[in-house]
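Here's the structure, in structure tokens; my notes come after.
Chain naming here is simple, since letters A, B, ... match the order of the sequence lines and numbering starts at 1 in each.
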There are 2 protein chains.
Amino acid sequence: MKRKITLKHIARELEVSISTVSKALKNSEEISRDTKEKVQAFAKLYNYKPNNVAISLKNKRTKNIGVIIPEIVHHFFTTVFRGIEQYANQKGYNVIVCVSDESFDKEVINMELLANGSVDGFIMALSAETQLKNDYNHLKEVTEQGIPLVLFDRVADEVACDKVLINDREIARQAVNKLLDQGRKRIALVTTDNYLNVSNKRARGYFDALEDRNQEIDENLIIKLPYTYLGMDKVPIQAFFEKEKVDAAFCVNEMFAVHCMRVAQDMGLKIPEDISFIGFTDGILSKYANPTLTTVAQHGEQMGEIAAKMLIERVEQENGDDEEEIFQTKVLSATLIERDSTIN
Amino acid sequence: MKRKITLKHIARELEVSISTVSKALKNSEEISRDTKEKVQAFAKLYNYKPNNVAISLKNKRTKNIGVIIPEIVHHFFTTVFRGIEQYANQKGYNVIVCVSDESFDKEVINMELLANGSVDGFIMALSAETQLKNDYNHLKEVTEQGIPLVLFDRVADEVACDKVLINDREIARQAVNKLLDQGRKRIALVTTDNYLNVSNKRARGYFDALEDRNQEIDENLIIKLPYTYLGMDKVPIQAFFEKEKVDAAFCVNEMFAVHCMRVAQDMGLKIPEDISFIGFTDGILSKYANPTLTTVAQHGEQMGEIAAKMLIERVEQENGDDEEEIFQTKVLSATLIERDSTIN
DNA sequence: AAGGCTTACGAAAACGGTTTCGTGTTAATA
DNA sequence: TATTAACACGAAACCGTTTTCGTAAGCCTT
């Protein structure tokens, strides 16, 4: 086992000082050609690589960024992560991921852990529980320490930081308008319990669209499903469809949409003739569902890339003294992807 | 902006030495009650937390583990990651993820970057290109430096390290036997170009099953699709189905299976009556496909948990001098989950 | 009163680098 | 020949901890 070699080893071996070795490896003007060549050759031979931790301590820069997301087995979040990772890597940063599991406590713990020097900044989407509690002190503490933070998708107005979003409300409105244009009369809103910020925005888009036509909002057309992917019960959905005679459904995520499509099909309804569906999140399910699902593409990868860019810019400008502190909110335009679950 | 406070600050403020502060915070016997209380109160007031980087440097332990996977927008890998992350977190470790993107070079670069002190050990699945090149020097260098490594799923015999696997070959054999039991005569093998280790094993299981019945292997029943999830062309698959009159298909992943099911349905074939399907990876697609897909569950989360456990044990035993170095390979049993794409 | 033992603390080294500044040697200049 | 500048290098501080070891002060013992 050949342990990693350090400057000290090289210095001892070559009978020069540590400083000389350090400078020689950086090709400093101060050091003679001879010495530089000798040192560099030796370093290459023994495959010297500087220790990242020591450099981090010296520079007070880790070149790590912390990403905290509610879930990892999740198409949208992994897509965003991909964007983050690619951009960050290309800029020489590594990414430490923590999963909050939709739990406030885990979010806090992970954040505090990483904030003690492990990362230069955070990119995160709030956990459901955090949004429910409306408690953002852990975020504030971090930003007050001068650690940059970028929120994406699941953001909160209460937190002063950079943000990246999509136009959830507007695209939802467009989607529902599309259904209305196609003559749908009784459009269901399939959403979660209302603490989730994004679900709320999408619901408001749904209301907007109805208001555009001066249609009354029928509370009976709204069904709330638990925000757990597995173990969704078909019975209430079927009961809902039977009772309300809906002819279209706007769902706040693709899982809900596919699930509901299946229930409708089991009831003998034809998609999109009898009932049409629109979902959110252009994931694998939407593409491979039967019929394929019309859905809103959130452009997660781009979102991640932008978040990473914003964060790294902040990290690298931090000129020490407190800046103007003008935070940006970047809104990306989502895209409606039309497939077979709506009439073309 | 209140910057992080250090031992030095506390020491200066309280007019004691840094060592005293350090010891007081650790409740050392050496320090008087009075001083301890004073220091601890002050530390709490200013929310002192030790700097992780400094501790890492001192201990030569980062409490970080590096995970390198070929892809992140991928159900199986994220599932494994979830297992890793949960176990690691619970043990006080953080996880740095790098995505090799199926590229050898990226794998090497990421590994070297992290190996310079950023992590205490690695958990990884080999990139496709690495398996194709059969070049594992980057892994050997890391292990020779005494950094523990655990490979999962995509492993290589050439690398001496701990491994976690599923019984790919055996479960594939069982799956194909199930199809044979149900009277299928012409069973297709839908696989990738052959460099992928796991595809190979699954193919061998397919061969095994046929040999069990003394059936000849018909090369015409094997179709190889490109290992890219998107943009698969339907034409060759349809041509294949038409020409070979297959009555079942064993697919090495769920994407292939769902894709092929769709092609078959478009051709007017009934599933499972005319043709039945079995896939690998019990992901979302399998559950929500129409019909639902019979598939092999790889128990990714458990796999990740075990990998993390093995790694952390290695990391924490490292008694300095080179141990016996007996590596383990843990083989998990996959499970065949029967759904509607095969006859029950 | 001298020696020994606690008690309570500080100095300093160490982890592995970077960087500033000081200095001995040589060569160029007056 | 004396002065000075350039060159090449080393000492030491620093980043924030931990930990070993040394020691001053106070008390007890005989």
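- Both A:N59 and A:T20 sit near DNA chain D, but only A:T20 has its closest nucleotide nearer the 5' end.
- One atom, CZ of B:R3, and another, P of D:dG16, lie 10 Å apart when rounded to the nearest Å.
- Look at NZ on B:K36: it is 12 Å from C1' on C:dT7, rounded to the nearest Å.
- The interatomic distance linking B:N27 (CG) with C:dA8 (C1') rounds to 15 Å, in whole Å.
- Out of C:dC15, D:dC15, D:dC9, the shortest distance to the side chain of B:K58 is found at C:dC15.
- Rounded to whole Å, atom C1' of D:dG10 lies 16 Å from atom CZ of A:R12.
- Closest approach of A:N64 to A:Y93, counting heavy atoms only: N-CD2, 4.1 Å.
- Comparing D:dA11, D:dT17, C:dT20 by their closest approach to the side chain of A:E30 singles out C:dT20.
- In the set D:dT18, C:dG10, C:dC9, C:dG10 carries the atom at the smallest distance from any side-chain atom of B:S17.
- Applying the 4.0 Å criterion to OP1 and OP2 of C:dG17, one finds that A:S22 has every side-chain N and O outside that range.
- A:D120 has no carboxylate O lying under 4.0 Å from a charged side-chain N of A:R314, or vice versa, which leaves the two without a salt bridge.
- When each of D:dT18, D:dG16, C:dG17 is scored by its nearest atom to the side-chain atoms of B:L57, the top-ranked nucleotide is D:dG16.
- Phosphate contact (OP1/OP2 of C:dG17, side-chain N/O of A:K8, threshold under 4.0 Å): absent.
- Picking from D:dT18, C:dC15, C:dT18 the nucleotide with the shortest atom distance to the side chain of B:K60 gives C:dC15.
- Using a 4.0 Å heavy-atom cutoff across all strands shown, B:S56 reaches no nucleic acid atom at all.
- A salt bridge does not link B:K38 to B:E15: none of the charged nitrogens lies less than 4.0 Å from a carboxylate oxygen.
- For B:V16, whose side chain is taken as the heavy atoms from C-beta onward, the closest listed nucleotide among C:dT18, C:dG10, C:dC15 is C:dG10.
- For the pair B:K26 NZ and C:dC9 P, the computed distance is 18 Å after rounding to whole Å.
- Side chain of A:S32, nearest nucleotide from D:dA8, C:dA8, C:dG17: D:dA8.
- Going from atom CG of A:L25 over to atom C1' of C:dT18 covers 12 Å, rounded to whole Å.
- Checking C:dC21, C:dG17, C:dG10 against every side-chain atom of B:K23, the shortest atom distance belongs to C:dG10.
- Distance CG (A:L7) to C1' (C:dA14): 15 Å, rounded to an integer number of Å.
- The separation between A:N116 atom CG and D:dG16 atom P is 13 Å, rounded to whole Å.
- Among the heavy atoms of the strands lying under 4.0 Å from B:S19 is at least one base atom, whether or not backbone atoms are also near.
- Between A:Y48 and A:H9, the ring centre distance reaches or exceeds 6.0 Å.
- In summary, B:E37 and B:R33 engage in a salt bridge, as defined by a charged side-chain N under 4.0 Å from a carboxylate O.
- Aromatic ring pairs are classed by plane angle as parallel below 30°, tilted from 30° to 60° and perpendicular above 60°; the pair B:H74 and B:F76 is perpendicular.
- Along DNA chain C, the nucleotide nearest A:Y48 and the nucleotide nearest B:V21 are compared for position; the residue whose nucleotide lies closer to the 5' end is B:V21.
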